[in-house]
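Here is the structure we will look at.
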Amino acid sequence: MAIYLYFILFLEILFSQSSQDIIYIKYFESDFNFKSDLSMLSTNRRGKAHLAVSFNSINQPIKIEHVSSSGVTQKLEMLKYDINGKMVERGEYNQDMQYLHLTVYGEDEEWSKEYRSWRYKANEPLNFSGQQTHFTFYDGVEVKKIVFQTIDGKKYGQIELDYDYLGYLAEERWKDLPSARVIRRFKYKFDIIYHREEPSTVVQIWEFGYDGDLLSSVAVDMAPADQLYLRPPPRSHNTLDEVDIIAKEIKESRILVPHGGFIPKTEWDVLLLVNGEQLFVDYFNVSDNGIQFRMEDEDDLLTLPLHRVRTLTSRMGDVIYPKPIQYKR
């Protein structure tokens with residue numbers, strides 16, 4: 001029995017290693033040809049835009065390079081599998097190896113689990129098996145949007161994250177889809193406090209519920225782990241695990257409690273029309289069909305054609321439309 005268990009363990013280790021090792025490479029003229037398994041000779045790829053796809057020992061693609069006609073890799077996709085050969089992650093990177101998009105497969109993804117626990121009742125007959133979580137990044141580093149999608153392609157939730165000019169998280173909005181109604185919101189404020197000549201970053205967090213009512217307000221030291229997460233873990237009712245840090249904050253009388261005007265006021269995105277009219281809206285999305293948004297106290301999601309819009313500015317002061325020219329920091 002022990003020999004059998006060792007053999008199974010050996011196979012799992014061997015499979016987990018080989019599943020991410022490149023065994024061979026095939027070239028394809030287009031994404032359509034790749035999906036149809038119509039490869040091209042390596043000598044025919046010169047001077048042509050093509051895909052270079054790397055496979056593992058069990059013929060699974062683990063790396064997809066989008067190469068231009070001049071031979072420059074413009075986009076890179078990395079695919080990750082579990083020990084059973086099931087794909088669990090698919091990441092897209094630019095030519096500087098910065099994140100463009102990340103998809104995590106499965107209902108155990110932490111952000112989606114926290115969203116569902118807030119949005120749906122425990123006894124609701126809903127199935128999220130095989131669901132997908134899509135992360136979109138700003139400047140290849142900061143997560144700016146998270147979209148949750150069922151296995152049949154239905155998007156049921158979205159989380160938007162805004163940052164201040166220093167790169168700190170400023171606001172987090174949880175939206176129900178397809179209604180685009182805000183069902184939960186967090187406001188963040190980061191302060192650097194010097195205690196005994198040692199700097200300490202304190203984050204204040206305000207949580208708002210379905211109707212915009214304040215649910216909680218806390219201030220805690222930002223633990224080192226919070227500074228390292230590429231995809232920061234979702235908050236669960238402002239409950240943090242750093243008990244010793246919170247205790248220290250209480251002891252040093254640095255816990256902040258809401259009083260009157262200290263609570264931040266709800267802000268809106270600003271939509272400026274070509275006729276000079278200014279609208280305060282809750283922005284949702286920009287597409288070729290126009291700008292989607294919701295008005296205050298309205299349930300319906302509205303769409304305004306792009307030719308009628310002069311500018312759209314977020315509540316954080318960032319220009320959303322027209323898309324500004326991005327410069328490297």
Side-chain angles (χ1 to χ4, degrees), residues 89-92 99-121 124 126-139 141-163 169-188 205-212 215 229-237 266-269 271 281-296 298-304 312-316 318 320-321 323:
E89 286 188 12
R90 181 174 186 142
E92 297 181 14
Y99 265 115
L100 295 174
H101 189 84
L102 176 66
T103 301
V104 179
Y105 299 89
E107 65 274 18
D108 292 330
E109 192 278 317
E110 292 299 328
W111 278 95
S112 63
K113 287 173 60 178
E114 176 63 21
Y115 179 90
R116 293 195 303 269
S117 67
W118 172 267
R119 172 64 179 85
Y120 303 106
K121 297 178 180 179
E124 286 195 48
L126 299 173
N127 183 14
F128 297 96
S129 178
Q131 71 124 58
Q132 302 174 13
T133 303
H134 299 273
F135 295 87
T136 304
F137 294 81
Y138 173 75
D139 281 354
V141 179
E142 299 162 339
V143 179
K144 66 177 182 181
K145 185 165 66 173
I146 309 171
V147 178
F148 310 112
Q149 178 177 312
T150 60
I151 193 172
D152 58 356
K154 179 182 177 181
K155 297 177 181 179
Y156 65 88
Q158 176 173 300
I159 296 178
E160 300 170 349
L161 300 102
D162 294 332
Y163 301 84
L169 185 62
E171 184 171 291
E172 179 181 325
R173 293 181 300 280
W174 296 30
K175 292 186 175 181
D176 173 64
L177 294 183
S179 69
R181 174 176 293 279
V182 177
I183 60 174
R184 194 183 194 188
R185 187 166 62 91
F186 292 92
K187 294 281 288 185
Y188 298 89
I205 309 174
W206 295 268
E207 179 189 11
F208 300 86
Y210 284 93
D211 300 322
L215 300 181
Y229 283 124
L230 178 64
R231 306 190 303 273
R235 300 299 182 190
S236 178
H237 300 288
T266 301
E267 299 173 352
W268 294 85
D269 305 309
L271 191 63
V281 302
D282 184 16
Y283 159 72
F284 176 64
N285 188 35
V286 174
S287 66
D288 294 337
N289 297 325
I291 295 177
Q292 292 181 296
F293 61 92
R294 180 193 302 282
M295 300 291 293
E296 185 177 5
E298 294 287 340
D299 294 331
D300 296 332
L301 195 63
L302 307 177
T303 302
L304 195 64
L312 172 62
T313 306
S314 75
R315 64 197 72 197
M316 301 304 300
D318 299 320
I320 301 175
Y321 178 84
K323 188 175 182 180

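What you see is a predicted model, and the numbers here were worked out from it, not measured in a lab. No hydrogens, no waters, no symmetry mates; every other heavy atom, side chains included, goes into these values.
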Asp269 meets the salt bridge (charged side-chain N to carboxylate O under 4.0 Å, His left out) criterion, sequence neighbours left out, with Arg315

Donor-acceptor pairs are to be reported for all side-chain atoms of residues 149-158 against protein atoms at under 3.5 Å, with residues two or more places apart or in another chain.
unit_1: Thr150; atom_1: OG1; unit_2: Asp152; atom_2: OD1; d: 2.3
unit_1: Thr150; atom_1: OG1; unit_2: Lys154; atom_2: N; d: 3.2
unit_1: Thr150; atom_1: OG1; unit_2: Lys154; atom_2: O; d: 3.2
unit_1: Tyr156; atom_1: OH; unit_2: Arg116; atom_2: NH1; d: 3.4
unit_1: Tyr156; atom_1: OH; unit_2: Gln131; atom_2: OE1; d: 2.3
unit_1: Gln158; atom_1: NE2; unit_2: Glu160; atom_2: OE2; d: 2.7

The reported gap from CZ in Arg90 to CG in Leu102 (rounded to nearest 0.5 angstrom) is 11.5 Å

Inset, instruction - Step by step, work out the side chain to side chain contact (heavy atoms under 4.5 Å, CB included) result for Tyr163 and Tyr188. - result: CA-CA 9 Å; Tyr163 301 84; Tyr188 298 89; over 6 Å; no

Interatomic distance, CD@Glu107 vs CG@Asn127, rounded to 0.5 Å, equals 8.0 Å

Interatomic distance, OH@Tyr210 vs CH2@Trp174, rounded to 0.5 Å, equals 10.0 Å

dist Tyr321:OH -> Leu271:CG (nearest 0.5 Å) comes out at 10.5 Å

Scanning both residues in full, the closest heavy-atom pair of Leu169 with Asp162 reads CD1-O, 3.4 Å

Tightest non-hydrogen contact, residues Gly106 and Ser112, listed as O-OG, 4.5 Å

Residue set satisfying side-chain contact (heavy atoms from CB on, under 4.5 Å) with Asp176, at least two apart, ordered chain then number -> Tyr115, Arg119, Ser179, Ile183

Taken in chain and number order and not counting sequence neighbours, the residues that satisfy side chain to side chain donor-acceptor pair (under 3.5 Å) with Thr103 are His101, His134

Tightest non-hydrogen contact, residues Lys145 and Leu161, listed as N-CD1, 4.4 Å

The salt bridge (Lys or Arg N to Asp or Glu O under 4.0 Å) partner of Asp282 among Arg185, Arg181, Lys175 is Lys175

**OP:** For residues Phe148 and Phe128, determine if any side-chain heavy atom of one lies less than 4.5 Å from a side-chain heavy atom of the other.
**Re:** no

When every non-hydrogen atom of Phe186 is compared with those of Glu207, the smallest separation belongs to CE2-CG, 3.6 Å

Residue set satisfying side-chain contact (heavy atoms from CB on, under 4.5 Å) with Leu301, at least two apart, ordered chain then number -> Ala180, Phe284, Gln292

Those residues at least two apart in sequence (or on a different chain) that pass salt bridge (charged side-chain N to carboxylate O under 4.0 Å, His left out) with Lys144 are none

Note: Thr133 and Phe135 closest approach over all heavy atoms is CG2-CE1, 3.5 Å

Test salt bridge (Lys or Arg N to Asp or Glu O under 4.0 Å), reference Arg184, set Glu172, Glu171, Glu114, output is Glu114

CG of Asn289 to OG1 of Thr303, rounded to nearest 0.5 Å, is 7.5 Å

